[in-house]
Amino acid sequence: MKVKPARKEPMRSRRPGRRSPPPPAILHGPDETLDGVHILDEMRNGVGVLLWQSLHDVLLWASVPPGERAELFRPESVRRRLAALVALAPDPALEAALTSLAALSREPDTARPESVSAVCMQVARWAEGRGSLATALAFAQGAAIAAPKEAAPGLLAGRLARKLGERARAETWLRRTIVLGRRSGDRTTLFQACLVLAEMQGERGDREGARTLFLRAFRGGRRSGFRDIKGQALHGLFRLAAAEGSLEEADAYARSALHAYGRRNPRVPQVAREVGTFWLEREEYADALSALRLVVPFARHPAERLEALAAVARAAAGAGSDEVFDAASREAMQLIRRIPPEELRPRPLLDLARGGAALQRWESAERAARLALDAARRDGEPPVILLAEEVLARARSRTGAPRKQGKPAAV
């Protein structure tokens, strides 16, 4: 689908006078009575105390004008902090960052905002990697406060606040990031913030707002040569169109998204799964098969691989590709024997049953339909129960009947 090219925006001339400040961001959650207090909730040990103290050093340093920082901390502060680090011996990556922040109290007047911000970002990513999201958010905000003209910390803060379910807080950080990204020329961060905010707008039902932001990211990504951003924007536009029932538009966005990503992008499995399922439900089996086959190499966990193989089998059956169906269903049945019965999900089993029925492999269809029916009754999925019962009835009535030649039945 061709997206209308954006009109080239004229360069804004610099007007005399001061720029208006970027929009403020929410710094505290509803139960956050003190900056970074949740650090102590997530890490109830000496490392948590060190992190909390280091964050407060950064916030104090950032709150004082540059020319007044020389005697901000007592000389012995850095010695005590370094001694505590040696005694606690934290993760080496964290130790390096905390050592750098301890140095802030030794020479606060010469510390550069960009350097302080970068170290805070390092701590935030470390904390996010270990699941300490409140700690990560506190240091992402610290990074943004230390270097208030930088856009990247605000993007991380917005993403983390969203993960924590603080939608209003996330939105304020993302809107601030968009302004700072435009002013600083950080296009990558600007467009990434547009994408995250667009997803949030779509989740709360503001599809027009989401579409505007996705289109902004798409056009910016296309102009700047950012294929990943362009692909994410097209993927988001596909989701919006599919949710609205604009099937032809969704179809076009789906094709464009897969083309934009290419085959080696790590986002391909997710996009291919969604797009392939969309085409599968529209009975565009050949397109669905080409998309869903991209998912299989990335599906390593048995349950995920079973889901991918079952979808491929159903698409192959609809496309009349016996060999692909046979290979996918054979591996799928091997996985079914390895997965505990209580962990089998009904929909992949139903896909196998429908694929077998489409190719008139009645014994295979009956076996998969029985498993799908048992799993659907256990999980309480009435739509799957009805479809599985239908396939099972057809299979039982046709078991042993010769296969008819011609176009496969609907899957």
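Keep in mind it's a predicted model, so treat the numbers as computed, not measured. Quick note: numbers below take in every heavy atom, side chains included, and nothing from hydrogens, waters or symmetry partners.
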Next item on the list: Could I get the full list of side-chain contact (heavy atoms from CB on, under 4.5 Å) partners for Pro148, not counting sequence neighbours?
Entry: Arg176
Side-chain donor/acceptor pairs under 3.5 Å, residues 92-105, sequence neighbours excluded:
{"from": "Thr99", "atom 1": "OG1", "to": "Glu95", "atom 2": "O", "distance (Å)": "2.7"}
{"from": "Ser100", "atom 1": "OG", "to": "Ala96", "atom 2": "O", "distance (Å)": "3.2"}
{"from": "Ser105", "atom 1": "OG", "to": "Ala102", "atom 2": "O", "distance (Å)": "2.7"}

Check: Any donor-acceptor pair under 3.5 Å linking the side chain of Arg305 with the backbone of Val296?
Finding: yes
Margin query: With salt bridge (charged side-chain N to carboxylate O under 4.0 Å, His left out) as the rule and sequence neighbours excluded, what pairs involving residues 148-161 come up?
Written below: none
Checklist line | Pairs where residues 334-344 contributes a residue and the test salt bridge (charged side-chain N to carboxylate O under 4.0 Å, His left out) is met, not counting sequence neighbours | finding: none
Item checked: Separation of Arg398 CZ from Gln360 CD (nearest 0.5 Å) -> 5.5 Å
Next item on the list: Report the distance from atom CD of Gln232 to atom SG of Cys194, rounding to the nearest 0.5 Å.
Entry: 12.0 Å
Check: Side chains of Arg80 and Gln53: do they bring a donor and an acceptor to under 3.5 Å?
Finding: no
Check: Between the main-chain N or O of Ala143 and the side-chain N or O of Ser117, is there a donor-acceptor pair closer than 3.5 Å?
Finding: yes
Margin query: Taking Arg354 first and then Glu390, would you say they form a salt bridge - that is, a charged N and a carboxylate O separated by under 4.0 Å?
Written below: no
Notebook entry, point to check: What's the spacing between Leu156 CG and Cys120 SG if we round to 0.5 Å?
Noted result: 11.0 Å
Check: Got a donor-acceptor contact below 3.5 angstrom from the Arg239 side chain to the Glu274 backbone?
Finding: no
Check: With a 4.5 Å limit on heavy-atom distance, are the side chains of Leu306 and Leu344 in contact?
Finding: yes
Next item on the list: Any salt bridge (charged side-chain N to carboxylate O under 4.0 Å, His left out) involving residues 188-206? Give me the pairs, sequence neighbours left out, ordered by first then second residue.
Entry: Arg162-Glu199, Arg162-Glu203, Arg167-Glu203, Glu171-Arg204
Check: How long is the span from the OG atom in Ser290 to the CH2 atom in Trp279, to the nearest 0.5 Å?
Finding: 6.0 Å
Notebook entry, point to check: Counting distance only, does the side-chain N/O of Glu42 pair as donor-acceptor with the main-chain N or O of Ala134 below 3.5 Å?
Noted result: yes
Checklist line | Ionic contact status for Arg81 with Asp57, cut-off 4.0 Å | finding: yes
Next item on the list: With sequence neighbours excluded, tell me which residues meet side-chain hydrogen bond (donor to acceptor under 3.5 Å, both in side chains) with Asp374.
Entry: none
Item checked: Whether Ser397 side chain and Arg394 backbone form a donor-acceptor pair below 3.5 Å -> yes
Check: Is the number of heavy atoms from other residues, nucleotides or ligands within 6.0 Å of CZ (Arg211) greater than 12?
Finding: yes
Check: Tell me, which pairs form a ring-ring contact (aromatic ring centres under 6.0 Å, His included) where one or both residues lie in residues 23-61, sequence neighbours left out?
Finding: Trp52-His56
Note to self: Side chains of Leu60 and Phe73, heavy atoms from C-beta outward: is any pair under 4.5 Å?
What the structure shows: yes
Checklist line | Arg370: partners by side-chain hydrogen bond (donor to acceptor under 3.5 Å, both in side chains), with sequence neighbours left out | finding: Glu366
Next item on the list: Tell me, please, which residues at least two apart from Asp287 pass side-chain hydrogen bond (donor to acceptor under 3.5 Å, both in side chains).
Entry: Arg255
Margin query: Using side-chain contact (heavy atoms from CB on, under 4.5 Å), reason through Phe139 and Trp126 one step at a time and then give a plain yes or no.
Written below: CA-CA 10 Å; Phe139 274 90; Trp126 173 86; over 6 Å; no
Next item on the list: For Gln270 and His235, test the side chains for any donor-to-acceptor distance below 3.5 angstrom and give the result as yes or no.
Entry: no
Checklist line | Heavy-atom side-chain contact between Leu292 and Arg314 under 4.5 Å | finding: no
Next item on the list: Report yes or no: does Gln201 contribute a side-chain atom to a donor-acceptor pair with the main-chain N or O of Gly209 at less than 3.5 Å?
Entry: no
Checklist line | Val116 and Val58, any side-chain heavy atoms less than 4.5 Å apart | finding: yes
Check: Closest approach of Val295 and Pro269, non-hydrogen atoms and distance?
Finding: CG2-O, 3.6 Å
Check: Taking it one step at a time, do Arg130 and Asp91 satisfy salt bridge (Lys or Arg N to Asp or Glu O under 4.0 Å)?
Finding: CA-CA 11 Å; Arg130 69 187 302 277; Asp91 182 305; over 6 Å; no
Next item on the list: Applying side-chain contact (heavy atoms from CB on, under 4.5 Å), name anything that partners Arg300, two or more places apart in sequence or on another chain.
Entry: none
Check: With sequence neighbours left out, what residues match Thr212 under side-chain contact (heavy atoms from CB on, under 4.5 Å)?
Finding: none
Check: For the side chain of Thr189 and the backbone of Gly181, is there at least one donor-acceptor N/O pair under 3.5 Å apart?
Finding: no
Next item on the list: For side-chain contact (heavy atoms from CB on, under 4.5 Å), just list the numbers for Trp362 and Arg396, CA-CA rounded to whole Å, side-chain angles, deciding distance to a tenth of an Å, and then say yes or no.
Entry: CA-CA 8 Å; Trp362 298 116; Arg396 284 173 172 167; over 6 Å; no
Note to self: As an exercise, state the distance from CG of Leu371 to CZ of Arg345, rounded to the nearest 0.5 Å.
What the structure shows: 13.0 Å
Checklist line | Residue list, side-chain hydrogen bond (donor to acceptor under 3.5 Å, both in side chains) with Arg125, at least two apart or on another chain | finding: none
Checklist line | Any side-chain heavy-atom pair of Pro90 and Leu85 under 4.5 Å | finding: yes
Check: Are any non-hydrogen side-chain atoms of Arg187 and Ile229 less than 4.5 angstrom apart?
Finding: no
Next item on the list: Side-chain contact test, heavy atoms from C-beta onward, threshold under 4.5 Å: evaluate it for Leu27 versus Trp173 and give yes or no.
Entry: yes
Checklist line | Rounded distance [0.5 Å steps], CG in Asp186 versus OG1 in Thr177 | finding: 9.5 Å
Checklist line | Nearest non-hydrogen partners of Ala310 and Pro348, listed with the distance | finding: CB-O, 3.2 Å
Checklist line | Residues Arg347 and Asp379 bridged, charged N to O under 4.0 Å | finding: no
